[in-house]
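What follows is a short report on a single structure.
All heavy atoms count here, side chains included; hydrogens, waters and symmetry mates do not. Numbering of residues begins at 1 and proceeds along the displayed sequence.
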Amino acid sequence: MEIRKLFRENIRNLAPYSTARDEYEGQLGIYLDANENPYENGYNRYPDPHQKVLKQRISEIKGVEPNRIFIGNGSDEAIDLVYRVFCEPRIHNVIAIAPSYGMYEVAAHTNDVEVRKVRLNENYELSAQDILETADENTRAVFLCSPNNPSGNLLDGEEVKKILDHFNGITVIDEAYIDFAGTPGMLLLLKEYPRLLVIQTLSKAWGMAGLRLGLAFADPEIITMMSRVKYPYNINGITQKIVLDNLQNTEQVWKEVAEIRRQREILLKELANLPLIKKVFPSDANFILVRVEDPRGLYTILINEGVIVRDRSRIEGCEGCLRLTVGTPQENRRLMEILRAQ
């Protein structure tokens with residue numbers, strides 16, 4: 001199916017909000033168009049609504065052309081825009097794997113769109129056949145998180161490709177944790193699959209969670225439509241500047257990622273030797289899912305010791321499980337001290 005036919009009709013016909021600066025490409029000197037305070041203080045002007053300089057830097061790092069990049073206020077903005085651009089409320093539906101990131105469902109409910117959940121197997125592995133059998137003519141998107149949150153594992157690439165080959169809607173691959181997996185992920189498939197949308201973030205490996213900046217990569221036609229629907233100045237000027245500065249020092253980021261991966265392997269081995277841990281699940285992310293006898297009790301013990309983890313035991317498919325983020329070597333040693341004392 002052509003991408004354009006997947007857009008909601010009102011979105012196809014949308015006249016986006018535009019500014020006078022959208023219509024001018026040269027070097028401006030006097031700004032009398034946006035009713036700003038004219039006295040310079042570093043923040044008195046609106047930021048670039050298209051984040052051109054930032055997109056160029058991200059393009060260099062990711063190897064993706066700028067016209068295939070959307071920058072959002074966290075990756076949650078991109079997730080929400082998938083519903084707003086492609087899904088007609090109370091008519092269309094989406095498919096999400098379970099267990100997985102909860103915002104896919106929250107955003108669906110916010111936009112009044114049905115979510116159909118497809119359970120991963122006991123090892124959190126994906127079945128493309130289950131996804132395709134769940135889809136119907138009103139299914140507009142499939143959400144796949146890889147590495148998956150909270151299970152931590154990469155989804156099988158061949159199963160993902162089966163969905164890309166046979167599903168006529170938008171396949172969204174959320175790669176928030178891909179930098180910890182030691183694989184380039186799905187960005188290399190963008191040109192081969194025009195209905196593929198890859199979501200990434202600077203909140204995890206890149207250490208910028210406090211700046212709230214997410215990325216979406218897709219066919220230029222999809223990126224153009226997402227950009228038309230987003231709020232005009234969705235990324236503030238301070239965030240754009242700080243992110244751009246931080247993206248100059250990629251070497252430090254990769255050192256930190258390498259250390260986190262080393263710490264993950266240490267934790268995986270040490271956790272597997274603890275009697276109170278019933279199962280340690282493999283991880284390609286910066287966290288580890290473990291099954292224990294009394295998850296709420298252990299969670300409370302850790303809280304009382306000043307350590308907070310995520311109790312996932314009430315989530316479908318994660319019964320009895322806690323999710324442990326990989327911390328610094330010192331933080332991980334303290335976590336293990338507490339667990340060994342139980």
Side-chain angles (χ1 to χ4, degrees), residues 97-102 120-126 145-156 174-185 200-210 251-342:
I97 56 175
S100 198
Y101 182 42
L120 301 174
N121 69 15
E122 61 183 10
N123 294 318
Y124 302 122
E125 294 168 334
L126 172 70
C145 189
S146 182
N148 189 36
N149 176 17
S151 57
N153 60 305
L154 271 171
L155 301 180
D156 185 276
D174 187 345
E175 295 186 334
Y177 302 95
I178 194 66
D179 295 307
F180 301 105
T183 173
Q200 295 187 5
T201 181
L202 299 185
S203 294
K204 310 300 181 183
W206 292 85
M208 293 187 251
E251 184 178 345
Q252 179 60 30
V253 171
W254 299 129
K255 285 180 180 178
E256 292 171 0
V257 168
E259 180 58 31
I260 290 169
R261 293 179 66 185
R262 280 193 292 270
Q263 290 297 313
R264 178 184 69 196
E265 298 311 307
I266 292 171
L267 280 176
L268 285 168
K269 292 177 183 177
E270 293 185 350
L271 289 166
N273 292 325
L274 291 179
L276 82 165
I277 304 292
K278 297 171 63 177
K279 184 166 184 177
V280 180
F281 292 91
S283 176
D284 298 295
N286 68 329
F287 56 84
I288 299 170
L289 191 71
V290 298
R291 180 166 287 137
V292 298
E293 191 68 45
D294 179 15
R296 197 63 194 175
L298 184 55
Y299 175 86
T300 302
I301 289 170
L302 289 167
I303 284 286
N304 291 337
E305 293 288 344
V307 177
I308 184 169
V309 298
R310 195 74 189 271
D311 182 358
R312 302 279 76 185
S313 61
R314 297 182 181 88
I315 290 184
E316 179 184 6
C318 289
E319 294 80 7
C321 291
L322 298 178
R323 192 190 70 193
L324 316 174
T325 302
V326 179
T328 65
Q330 296 81 359
E331 290 170 338
N332 298 333
R333 284 195 292 270
R334 178 57 183 151
L335 170 66
M336 293 305 303
E337 287 174 3
I338 299 169
L339 294 179
R340 290 191 184 102
Q342 304 314 306

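Of all non-hydrogen atoms in Asn148 and Ser100, the two that sit nearest each other are OD1-OG, 2.8 Å. Summarising the geometry of Glu316 relative to Ala98, their closest heavy-atom pair is OE1-CB, 4.1 Å, with the distance given to 0.1 Å. When all heavy atoms of Cys145 and Asn149 are compared, the closest pair comes out as SG-N, 3.6 Å. Smallest separation of non-hydrogen atoms from Asp311 and Leu322: CA-CD2, 3.7 Å. Shortest non-hydrogen contact noted between Gly320 and Ser313 is N-CB, 3.6 Å.
In this structure, CG on Leu120 lies 6.5 Å from CG on Leu155, to the nearest 0.5 angstrom. Note: Gln263 CD to Glu256 CD = 13.0 Å, rounded to the nearest 0.5 Å. To the nearest 0.5 Å, atom CG of residue Leu271 and atom OG of residue Ser283 are 11.0 Å apart. Here the CD1 atom belonging to Ile315 is positioned 6.5 Å from the CZ atom belonging to Arg310, to the nearest 0.5 angstrom. The CG atom of Leu324 sits 7.0 Å away from atom CD1 of Ile277, with the distance rounded to the nearest 0.5 Å.
Residues Ile178 and Leu154 are in side-chain contact: their nearest non-hydrogen atoms beyond the backbone lie under 4.5 Å apart. Contact check for Thr325 versus Val309: no side-chain heavy atoms found under the 4.5 Å cut-off. Within the 4.5 Å cutoff, the side chain of Met336 has heavy atoms near those of the Leu339 side chain. With a 4.5 Å cut-off on side-chain heavy atoms, Leu302 and Leu335 count as touching. Residues Leu274 and Gln342 fail the side-chain proximity criterion, which asks for heavy atoms closer than 4.5 Å. Looking only at side-chain heavy atoms (C-beta outward), Val326 and Glu331 stay at 4.5 Å or farther from each other. Side-chain atoms of Tyr177 and Phe287, non-hydrogen and from C-beta on, do get closer than 4.5 Å to each other. The side-chain heavy atoms of Cys318 and Pro150, taken from C-beta on, include a pair separated by under 4.5 Å.
Taking Ser203 as the reference, Thr201 meet the side-chain hydrogen bond (donor to acceptor under 3.5 Å, both in side chains) condition, with sequence neighbours excluded. Shown here are the ring-ring contact (aromatic ring centres under 6.0 Å, His included) partners of Phe281, two or more places apart in sequence or in another chain: Tyr124. A search for side-chain hydrogen bond (donor to acceptor under 3.5 Å, both in side chains) contacts involving Asn273 returns nothing, not counting sequence neighbours.
Judged purely by atom type and a 3.5 angstrom limit, Arg264 uses its side chain to pair as donor or acceptor with the backbone of Phe180. No donor-acceptor pair under 3.5 Å is formed between the side chain of Asp179 and the backbone N or O of Ala205. Between the side chain of Arg291 and the backbone N or O of Glu319 there is at least one donor-acceptor pair closer than 3.5 Å.
A salt bridge links Arg262 with Glu259: at least one charged nitrogen is closer than 4.0 Å to a carboxylate oxygen. Salt bridge Glu251/Lys255: present, at least one basic N to carboxylate O contact under 4.0 Å.
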